[in-house]
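One structure below.
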Amino acid sequence: MSDTRRTTSRGTPAGAPRTDPPGEHDPDGPDPRTYPARAVVDLEAVRDNVRALAGAAPSAAVMAVVKADAYGHGLVPSALGALAGGATWLGTAQPGEALALRAAGIGPDRARILTWLYAPGAALRDLVEADVDVSVAARWAVDEVVAAARAAGRTARVHLAVDTGLGRNGIMPADLPDVLDAVARARAEGAVQVVGMWSHLAFADEPGHPTVAAQADVLDDAVRRAERAGVGPELRHLANSAATLTAPRTHYDLVRPGLAVWGLTPVPQLGPPSRYGLRPAMTLEARLATVKRVPGGHGVSYSHHYTTPRDTTLGVVPLGYGDGIPRHASGGGPAGTPGGPVLVGARPGAPGGRVLRVAGRVCMDQLVLDLGPGATERAGDVVTLFGAGDGVEHDGVPTAEDWAQAAGTISYEITTRLGGRVPREHVGVHVLDDGARAILAGHRSTERTVRA
Ligand SMILES: *Cc1c(COP(=O)(O)O)cnc(C)c1O
């Protein structure tokens with residue numbers, strides 16, 4: 001961050017190309033030597049979001065779901081931020097993610113970890129040896145977990161997944177007797193400990209939807225049947241972020257929020273993140289590459305889906321779909337859709353900024369903004385695609401939710417698909433305890449940038 005490339009030539013001499021010289025290099029922004037953009041992830045926000053979720057589900061423990069690289073936020077630092085907020089569990093879809101957390105130094109003393117998605121032949125023995133809890137969603141999975149436990153010479157901790165109505169992973173209630181029999185035998189042998197029984201909701205993001213209570217009823221019934229079979233679980237869990245925030249009936253012993261841990265709301269129709277005490281942890285910002293004057297009637301980006309309405313200034317933002325910016329968030333075109341929003345002229349929360357929409361097509365590596373005829377921006381200035389706010393409509397800070405709306409998707413997809421080539425910088429490290437900081441320091445030497 002010490003590179004202060006400075007230039008003092010600010011005028012545009014007559015006859016010179018009408019492309020602005022770069023502005024003063026703002027050292028508080030993406031490091032242009034490495035990448036012209038960055039995602040800053042605030043671990044203090046992660047901590048506070050988990051606290052808010054724990055407050056919403058006071059009877060339950062919190063499992064922070066950190067699958068898919070913590071929804072794009074960076075697996076290990078984000079997990080540590082969530083633990084700082086009081087989460088005692090971490091959840092991952094894939095076994096490799098769970099093992100990566102253990103390998104980074106997050107031991108069972110620091111967090112229980114559950115992983116739930118694997119195919120026959122997965123390295124379950126590694127999970128058992130790493131003290132990772134394993135979901136069992138089919139009869140074959142019982143057999144494989146038992147084989148892994150025998151090979152490891154220790155008891156596997158399992159959670160029985162029940163399909164209570166989502167129609168995805170999980171044991172159909174009709175198949176429960178067979179699975180419960182096998183689990184009872186495995187338990188008698190000491191191969192498994194039934195830690196949990198759990199399920200996942202289909203309509204949690206539509207609060208009050210009748211299937212939410214119906215799925216809870218099916219889970220209750222499955223738990224009763226497991227108890228009768230002598231393999232009752234220690235814990236029941238069902239709630240994702242939306243249910244944690246809106247459906248107390250689903251809280252049981254443990255809640256499994258993902259999206260809300262990162263400060264985004266799964267129920268944007270009910271209000272902005274702050275309504276639930278959440279604040280987005282990720283800020284995506286970039287430096288303007290080129291800033292230049294163009295005449296009116298100038299087509300912009302592929303297929304000219306935007307044409308300048310007057311003499312104006314264009315700014316090129318060096319982020320595109322190769323970085324995970326959805327091409328569906330292009331602006332203009334036959335449908336005249338508004339593109340994704342970008343805050344220009346000030347950082348989020350500071351006065352004086354304005355929100356512009358992507359002009360024309362989002363390309364692989366770049367997108368274009370019409371900065372307007374009176375623009376004072378210069379190449380190198382920092383613009384914000386989304387950040388820690390409540391949204392364009394609420395406080396003028398664009399959010400991942402705004403981008404999701406521009407692209408016709410959900411905010412989950414915006415942060416999760418952010419490209420691996422965009423550097424993540426983790427700030428707010430002061431919220432971590434010494435042990436967590438030591439883990440992060442070890443991790444920093446092997447992975448992405450961490451700014452202390
Ligand atoms: C992703 C996931 C969650 C978290 O869902 P959010 O909507 O992000 O809170 C919880 N449980 C399971 C099984 C999941 O796959």
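Values below: all heavy atoms of this structure, side chains included; hydrogens, waters and symmetry mates excluded. Just so you know, ligand 1 is whichever comes first in the structure, and atom 1 is the first atom listed for that ligand.
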Would you list the pairs meeting side chain to side chain donor-acceptor pair (under 3.5 Å) in which at least one residue belongs to residues 83-96, sequence neighbours left out?
Thr92-Thr115

Between the side chains of Arg437 and His430, does any donor sit under 3.5 Å from an acceptor?
no

Strictly below 4.0 Å, N to O, side chains only: are Asp220 and Arg225 in salt-bridge contact?
no

According to ring-ring contact (aromatic ring centres under 6.0 Å, His included), who are the partners of His209, at least two apart in sequence or on a separate chain?
Phe203

Sorted by chain and number, sequence neighbours left out, salt bridge (Lys or Arg N to Asp or Glu O under 4.0 Å) with Arg224 holds for Asp221

Hey, does the side chain of Arg357 reach the backbone of Gly339 with a donor-acceptor pair shorter than 3.5 angstrom?
yes

Expected contact list for ligand 1 at under 4.0 angstrom, heavy-atom basis, is Val65, Lys67, Tyr71, Trp116, Arg168, Trp198, His200, Asn240, Ser241, Arg256, Pro257, Gly258, Leu259, Tyr412

